[in-house]
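Encoded as structure tokens, the structure appears first; notes follow it.
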Amino acid sequence: MPEETIVKDPFKTEEYMINMGPQHPATHGVLRLLLTIDGEIIKKVEPDLGFIHRSIEKMCERDSYQQIVHLTDRMDYLSSHINNEAVCLAVENALELEVPDRVKVIRTIIGELTRIASHTLWWGVIGMDLGALTTYFYGFRDRELINDIFEETCGARLTMNYNIPGGLMFDIHPNFVQRTKDFVKHFKTKLPEYDQLLTGNVIFQKRMKGVGLLTKEDAISFGTSGPVARASGVASDIRKIHPYSALDRVEFNEVLFTEGDSFARYRVRIQEMWESLSIIEQLIDNIPDGDYKVPTKAVIKLPKGEFYQRVETARGELGVYINSDGKKNPYRVKFRSPGFSNLSALNHMAVGSKIGDLVAMMATLDLVVPDIDR
Amino acid sequence: MTNNELQKGIEPWFSDLEFTEEGTQFLTLTVPKENLHELMQKLRNEPDMQFDYLFCETGMDWGTSLGVIYHLRSTLYGHEMVVKVHTTDRENAHIDTVCDIWRTAELHEREIHDLFGIEFTNHPNMKVLILPENWEGYPLRKDYVDEINMIIR
Amino acid sequence: MMNIPLLLPTEWVHELLMGWMPETAVSIVEMVLIAVVYLAFFAVAGLYLVLLERKVAAWIQLRLGPNRVGFWGIFQTIADALKLVSKELTGTVKADKFLYNLAPYFPIVAALIALSVFPFSKSLQAYDVNIGIFFLTAVSSIGVIGILIGGYGSNNKYALIGAMRSGVQVISYELSVGLSLLTMVLLTGSLQLSEIIETQRTGGWLIVQGHIPALIAFMIYMIAGTAETNRAPFDLVEAESELGAGYHTEYSGMKFAYFFLAEFINMFIIASIATTVFFGGWLSPFGITDGIFWLQPIWFILKVFIIILLMMFFRWTYPRLRIDQVLTLEWKYLLPLNLMNIVLMAIIVWLKFTISW
């Protein structure tokens, strides 16, 4: 720095860049953010992706439709069941295949359980990001119970592969209904505990309120979906707009807040867990009898055309675009992942706030990096 | 608005628009790439259209041509449609950006740029997003070959 | 200068040394001996505080905590320390070598110096300086220099941000610690720690004597003390979700262990000051066991232990503040409150509204 400037402007500050990630505790995976900061204040956030890009879309082009289902587990691994469901629904709609009611109900129940599992993990992690490490273990305690239910029925805890085009891989375990009921009962006593530990905490509210504001217009323009959009007042729940599986026969509220800050996003997710519990309660006693799948051909060939199927994962709207040319594998598959679109709003939200706020924003955007990178 | 009404409303804007509903659940509109930006702006801003939500932007390789597919929704009216745009120049593909209309397009277009090699004109930050800086070729194109990493059946 | 401890073993050692050494040499040897004893005791105590913290964390977090090395995991932190000692010291090439290597000694040395003035019992006190409180606040703020030059010398932006945060934070909260202790000094009229205890022996614990302003002072002291030790909810210095490991990102092995141990000894110091100034030090409640001299250190340690537990509960339940909120809390709320509290205390002392028996 030349000597003159020092004299003229003794408080001159300089911007500098730091790398947040690819290995960083707050990015929950290998996301790299290039931060331009001035002291503690963020001037620019530039995401750099691709550290775990597996090009699932390219892999889909060589795989059969049954195989594609398995790849989707590895995108948003916290809502793997819902991802599977998206592909299965797309294939079933393309083939005009009517799956039994039993399948629809079971899919919905497990889908909502997945949503709760994802949100409990998110709740644990948001506390950890803000320095309250204890929440992590409380979140995991309840998530483990869901994973146990999944393990018994599907044989896997995380990447379940329970859906296949045409139904389910096998029938539910005889204990499934009872264990799910037990879980719902248990979790209803635990959710208020979450509020006691974190929601009401003054420090927590100070850290969340007014942080990462996203207006309704911006939320739409940035293509956000899921809890992020709903916290800004955008009614974007695919379960309401385009009900799939058994979601047209249950009653639930779409949780909407208008504040658009991190605390609103937090409350949307907490409320959503209550709504999911209510959906499960409505369905768990009325699982219809019947087959757990309809037979499909060993080699599925979709008719020529374009098929788009949307589902609501724990993070928002997952779109599966299949372009088929009538062969046994698709011509082009595109996954519209919720995380990728939500991430695009990060720079807009973060500019002008502190480094600590960025962590809070990333936590409430609920980024899952494999979902962004695909 | 129903698909028919949408088609009627959009048709007079430009001369060479192709509408189809065959083999898809959406009203699909193919637009020449010169008119893309103007059309998109109209779709976004016309009072009875209001397609304010770009929920999916897909890069495509149709073999002879490259292109982009835009899935649009109006959060106000709830109607949805698909816009397609082609470019036949595979070596030097250029398509107008829409990220000044829907800001989410900024990241999506960078991804498409990496994987399909389509340059988006007027894009503020057309840098490599996913691939390493020195990557050669565009992985999602149909003619992309990588004998080491790709398993082809 | 030295207040020779009157416990039997120390007297025995004193007699033994006096038998064959000149007096100056004896006092030098005794100083070294006491230093070694303190060092050994507090290094081990620091390790067990780490273990305690891990156990407390585990209980709060529905876990078991360390339970493999020794019964109930009691040798876990000893094993950890051995690992850290034997670990290779890695550093960065571009670090400022001198500052980088110097930094870890500041916090640990400052912490150990501060320990020397505490009266663990009526006679178990290494150095009864007549400006005890002043000495403590002065010495305990040396530690931050280590953090600052460590963060600067590491040549790492995360470490630098952490160090700068620490500087800002400790300088701010030093005020509150000092002023809240000053409030209590109004009651005793002395800065000497043994004198402060003496006041409490005749007139009851200071937190009772000073009632309302003393309670306020204690709360402020606990908040500021937690901030002073850089512990959650004020652990912005490390803030692992923001800065990786903060100022000690580039440190490994024993150098890291110094920082780590210093944090726990600092916690012990903060709790010890609170015990001495607010809760009567080695005095037993209502003087029930004041006659039994060997119970005095146990009372002291017990009180310290309870306050440390309190600080650990803070850490494992509260989220972390943001840097501007930390400064707002200090400069806009704690400092004015503290100043008003001093005036209140002065009025109470002046009008003799204190509670004593």
Side-chain angles (χ1 to χ4, degrees), chain A residues 46-51 53 55 57-59 61-64 93-94 216-225 229 234-236 238 241-242 303-310 316-317 319-321 323-324 329 331-338 340-348 372-374, chain B residues 20-26 28 44 50-63 69 71-76 78 80 82 84 99-112 114-115 125 127-133 135 139-142 144 146 149-153:
Chain A
E46 206 179 320
D48 181 10
L49 309 176
F51 290 92
H53 197 277
S55 213
E57 290 167 9
K58 185 78 175 176
M59 285 154 82
E61 288 174 15
R62 58 137 218 251
D63 284 350
S64 70
N93 286 347
K216 189 174 177 180
E217 289 70 36
D218 285 334
I220 294 171
S221 179
F222 279 111
T224 58
S225 57
V234 185
S236 64
I238 301 298
I241 301 173
H242 298 283
K304 226 171 153 147
E306 292 166 33
F307 310 98
Y308 194 87
Q309 176 64 45
R310 277 165 285 187
E317 174 181 338
V320 180
Y321 170 82
N323 191 324
S324 164
N329 35 21
Y331 183 75
R332 166 95 168 99
V333 175
K334 158 87 182 178
F335 295 106
R336 181 262 189 232
S337 65
F340 191 77
S341 296
N342 289 353
L343 178 70
S344 66
L346 183 63
N347 181 35
H348 177 76
I372 297 166
D373 269 355
R374 301 193 298 289
Chain B
T20 175
E21 278 185 77
E22 208 175 309
T24 170
Q25 75 236 54
F26 301 108
T28 306
R44 169 70 183 80
Q50 296 275 358
F51 286 101
D52 50 3
Y53 190 64
L54 173 72
F55 60 91
C56 186
E57 189 174 349
T58 314
M60 275 301 283
D61 179 3
W62 280 289
I69 303 174
H71 285 73
L72 302 172
R73 172 157 81 225
S74 164
T75 52
L76 201 61
E80 293 167 341
V82 174
K84 287 185 184 177
C99 72
D100 50 337
I101 307 169
W102 299 281
R103 300 174 74 177
T104 183
E106 191 174 331
L107 267 192
H108 279 99
E109 284 175 356
R110 284 177 70 185
E111 191 193 9
I112 294 168
D114 277 19
L115 301 175
N125 192 14
K127 283 196 299 189
V128 175
L129 175 70
I130 287 172
L131 298 175
E133 301 271 342
W135 190 275
L140 244 54
R141 281 195 189 181
K142 288 287 173 187
Y144 178 77
D146 182 344
N149 296 316
M150 263 168 67
I151 304 161
I152 299 157
R153 285 176 214 143

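As the structure is a prediction and not an experimental result, all values here were calculated from the model. So you know, we letter chains A, B, ... as the sequences are listed, proteins then strands, and number each from 1.
By the 6.0 Å and 45° rule, Lys304(A) does not stack over the aromatic ring of Tyr331(A). For the pair Arg374(A) and Phe335(A), the cation-pi test (distance below 6.0 Å, angle within 45°) is failed.
Within the 4.5 angstrom heavy-atom criterion, only side-chain atoms of Ile69(B), from C-beta onward, approach chain A. With a 4.5 angstrom heavy-atom cutoff, Tyr321(A) touches chain B only via side-chain atoms. Of the atoms belonging to Ile241(A), it is side-chain heavy atoms, and not backbone ones, that fall under 4.5 Å from chain B. For a residue to count as touching a neighbouring chain, one of its non-hydrogen atoms must lie under 4.5 Å from one of that chain's; by this rule Leu131(B) does not touch chain A. Interface remark: Thr58(B) contributes backbone and side-chain atoms alike to the contact with chain A (heavy atom separation under 4.5 Å). Residue contact with chain B, scored on non-hydrogen atoms closer than 4.5 Å, is absent for Asn342(A). Both the backbone and the side chain of Ser341(A) have a heavy atom closer than 4.5 Å to some heavy atom of chain B. If you measure heavy-atom distances from Asn329(A) to chain B, you find no contacts under 4.5 Å at all.
Between chain A and the options Met60(B), Arg44(B), Lys142(B), heavy-atom pairs under 4.5 Å are most frequent for Lys142(B). Contact count against chain A (heavy-atom pairs under 4.5 Å) is highest for Thr75(B) among Thr75(B), Thr28(B), Asn125(B), Ile101(B). Of all the listed residues (Trp102(B), Tyr144(B), Trp62(B), Phe55(B)), the one sharing the greatest number of non-hydrogen pairs under 4.5 Å with chain A is Phe55(B). When the candidates Val82(B), Asp61(B), Leu115(B) are compared by the number of heavy-atom contacts under 4.5 Å with chain A, Asp61(B) comes out ahead. Residue with the most contacts toward chain A among Arg110(B), Glu106(B), His71(B): His71(B) (heavy-atom pairs, distance under 4.5 Å). Taking Glu61(A), Glu217(A), Lys58(A) one by one and counting their heavy-atom pairs under 4.5 Å with chain B, the maximum is reached by Lys58(A). Listed options Gly305(A), Ser236(A), Ser221(A), Ser225(A) were ranked by heavy-atom pairs under 4.5 angstrom with chain B; first place goes to Ser221(A).
Residues Pro47(A) and Leu107(B) approach most closely at CG-CD2, 4.5 Å, considering heavy atoms. Of all non-hydrogen atoms in Lys127(B) and Asp114(B), the two that sit nearest each other are O-OD1, 4.1 Å. A pairwise comparison of heavy atoms in Gln50(B) and Leu76(B) identifies CG-CD2, 4.2 Å as the closest pair. Looking at every heavy atom in both residues, Tyr53(B) comes nearest to Ile220(A) through CD1-O, 3.5 Å.
Counting heavy atoms from C-beta outward, Phe26(B) and Glu306(A) have side chains that stay 4.5 Å or more apart.
Aromatic ring pairs are classed by plane angle as parallel below 30°, tilted from 30° to 60° and perpendicular above 60°; the pair His348(A) and Phe222(A) is tilted.
Expressed to the nearest 0.5 Å, how far CZ of Arg73(B) lies from CZ of Arg310(A) amounts to 5.0 Å.
Note on Glu57(A) versus Arg332(A): salt bridge recorded, some NZ/NE/NH1/NH2 to OD/OE distance being below 4.0 Å.
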